[in-house]
Amino acid sequence: MGIISIKNLSVSYGNIKILKNINMEINERKITAIIGPSGCGKSTLLKTINCMVEEETLSRVEGEILFKDNNIKEMTKEDIRKEIGLVFQNPTCFPFSIYKNMVYAQKYYGNTDKKKLKHMVEEKLKIAGLYDEVSNDLNKSALKLSGGQQQRLCIARALTVDPQVILLDEPCSALDVKNTKNIEEMLSKLSQDYTIIIVTHNLSQAKRIADYTAFILNGELVEYSDTETLFSNPKDKRTREYIEGIYG
Amino acid sequence: MNRYVKDLLLKLWCGISGIMVLSTLSFIIIYIFMKGFSSINLDFIIGAPKGVPIGSEGGIYPAIIGSVYLMIIACVFATVLAISTAVYLELYCKNEKLLKIMHLVIHCTAGIPSIILGMFGYTFLVLRLGLGRSLMAGGITLGIMIFPFIEIRVEKILNEMDKNIVYASYALGLPKSYTFLKLLLPIYKRDIISTVLLAGGFAIGAAAPIILTAAVMYAPVPRTVLAPVMALPYHLYILIGEGISVENAYGTAFVLIVLLLTMNILPILNSLSRGGE
Ligand SMILES: Nc1ncnc2c1ncn2[C@@H]1O[C@H](COP(=O)(O)OP(=O)(O)OP(=O)(O)O)[C@@H](O)[C@H]1O
Ligand SMILES: [Mg+2]
């Protein structure tokens, strides 16, 4: 049993079925990569896992998702999202200072002890590998950071609520090689304590960091196995074709 | 026709229209300033109206204060309602039909002639609820008038915001209420304040909604919200309409215009000072 089990999951927007009967077990404290051509439903899958699809008008979810054996429909949206964090494809820093971005969620939980907050901010920024770059000016506006720094700030911010699972939607799509490498190293380290699901277009990235890889095509889960097998010995013809670059 | 000539004609037309609008506007303002300035003195500003008929001598102090009070009540009433409506429609409402109906209702409210709002205020607030001709009844009636003005603008502000930031806040497990109070409100505070100030300017100049609901020919500065008040637009209307004193009417108009200009300039200062941040 994994930390998250997805059972017969289908998601539609209006009359269009985006995800079709997905079954998947996500393993705890591992990195799971989701690959597939653009528009196949990868982001939708992530958004379904932490209930963000419910914010879209006309979305409908069938089937069930279990988080630690609890059906997520029986938990409140807020609780699920606290346990299962989501980092979006583009950085979504709030137009406040770095420090305010980091304490924003903690303030909701009534945590106002300045010392503790400061310590927490420092710790999470260090995990995200951003601390050294911003430590001398935490009051700087988050929007003045570079794209890669903003993305790492968003990851650090997601960590501030102590989630167990982190979902990342193409976190490196707008970053250069060096920033990508930083984030990959950080994710590998994070996977000792957190379960990570990452959507990526970059097959070599999946190969480098993921323990397991899932291939989705047109809303169907075509193949899901450990990364090694999926890339070296795919069972499905469509997976092989995708890896060889046929669907682009 | 040659397209350069077309272009030139269009430019000419735009230029002339602009000049006409500007000159009419400045003519009105300058005219009122010139005519009104002679009757302005300290007694006029801080004195109560005197003489027979009342208003032919003395000042307009109770009317200035009455108008300001009316505006404050209207703004508070309308702002609370407008912000909660806008937040409901933008963040909570998922029902497309309900959204359409609400928008229709709000736009229709914006189109109701203000004298009809005044009539509603008179029958419902003044008589039915027994508020009497009072600051409260007039303030609420004015509030109903500026409610759509504020609601439409606040909803537009929320509609044009970056949805991803809102989703990022939800994704941290935070409820919508917290997201609105701690994320959206701080970000859009200035825009909302500017909108409310403009709406206040709109309310302070309106005569029709208060004729039946609040304003009287003479009253001291009100001590309770249930007391009737004097108000600048109504005082102006009485001074001219009853032929009491044209000079004092221009003086009143002068004060009203100064108040209005202030209300319109404040939002500009408000947005200018943002640049310094
Ligand atoms: N809010 C929505 N309403 C209707 N259809 C949507 C909505 N969001 C996404 N879709 C559709 O769902 C399909 C899957 O979208 P999704 O964002 O999950 O794709 P993706 O695999 O993440 O693609 P990409 O790699 O380009 O990000 C697309 O065809 C898209 O048009
Ligand atoms: Mg996507």
Side-chain angles (χ1 to χ4, degrees), chain A residues 14 43 46-47 49-59 75-97 100-110 141-143 150 153-169, chain B residues 85-104 154-195 270-277:
Chain A
S43 301
L46 288 196
K47 284 197 244 160
I49 295 176
N50 82 339
C51 293
M52 292 300 292
V53 274
E54 289 176 27
E55 306 302 331
E56 310 274 354
T57 38
L58 301 177
S59 65
M75 299 164 70
T76 66
K77 275 186 280 189
E78 283 78 26
D79 284 344
I80 294 159
R81 290 174 186 160
K82 184 174 176 299
E83 298 298 339
I84 306 177
L86 174 61
V87 177
F88 294 82
Q89 181 162 357
N90 297 314
T92 50
C93 296
F94 303 141
F96 304 142
S97 69
K100 262 186 131 177
N101 264 276
M102 293 295 292
V103 298
Y104 171 76
Q106 277 303 318
K107 290 239 164 102
Y108 171 69
Y109 297 107
S141 163
L143 299 184
Q150 288 194 20
L153 178 61
C154 289
I155 295 175
R157 191 180 62 193
L159 296 176
T160 60
V161 292
D162 289 319
Q164 304 191 34
V165 181
I166 304 167
L167 312 174
L168 299 130
D169 196 348
Chain B
T85 311
V87 168
Y88 173 74
L89 293 182
E90 273 300 314
L91 298 186
Y92 289 88
C93 184
K94 287 271 138 57
N95 185 336
E96 294 279 331
K97 252 193 205 140
L98 183 63
L99 264 174
K100 286 215 176 89
I101 294 176
M102 291 290 286
H103 285 146
L104 186 72
V154 173
E155 198 179 327
K156 187 155 178 276
I157 292 172
L158 292 181
N159 191 269
E160 283 168 1
M161 74 194 165
D162 183 0
K163 290 281 181 314
N164 289 324
I165 288 182
V166 181
Y167 287 162
S169 172
Y170 294 169
L172 289 167
L174 302 171
K176 293 181 178 177
S177 52
Y178 187 80
T179 305
F180 173 69
L181 291 174
K182 293 291 156 136
L183 183 66
L184 299 180
L185 208 52
I187 298 177
Y188 295 111
K189 198 170 52 193
R190 278 163 181 283
D191 298 299
I192 293 175
I193 291 176
S194 294
T195 302
N270 184 24
S271 59
L272 279 186
S273 66
R274 177 195 341 232
E277 246 176 34

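Every heavy atom of this structure was used, including side-chain atoms; hydrogens, water molecules and symmetry mates were not.
For the options A/Met52, A/Glu56, A/Glu83, heavy-atom pairs under 4.5 Å to chain B are most numerous at A/Met52. Listed options B/Asn164, B/Leu183, B/Asp162 were ranked by heavy-atom pairs under 4.5 angstrom with chain A; first place goes to B/Leu183.
Proximity to chain B (any heavy atom under 4.5 Å) is restricted, for A/Glu54, to the backbone atoms N, CA, C and O. Looking at B/Thr179, the atoms closer than 4.5 Å to chain A (heavy atoms on both sides) sit in the backbone and in the side chain alike. Residue contact with chain B, scored on non-hydrogen atoms closer than 4.5 Å, is absent for A/Cys154. Heavy atoms of A/Tyr104 lying under 4.5 Å from chain B belong to its backbone as well as its side chain. Interface residue A/Lys107: backbone and side-chain heavy atoms are both found under 4.5 Å from chain B.
Of all heavy-atom pairs spanning B/Lys163 and B/Leu158, the tightest one is NZ-O, 3.9 Å.
Relative orientation of the A/Phe88 and B/Tyr167 rings is parallel, given thresholds of 30° and 60° on the angle between their planes.
Surrounding NZ of A/Lys100 are at most 12 heavy atoms belonging to other residues, nucleotides or ligands under 6.0 Å away.
Taking the centre and axis of the six-membered ring of A/Tyr108, the NZ or CZ atom of A/Lys82 falls outside the cone set by 45° and 6.0 Å. Relative to the six-membered ring of B/Tyr170, A/Lys77 misses at least one condition, a distance below 6.0 Å or an angle of at most 45° to the axis.
Note: A/Leu58 CG to B/Lys94 NZ = 10.5 Å, rounded to the nearest 0.5 Å.
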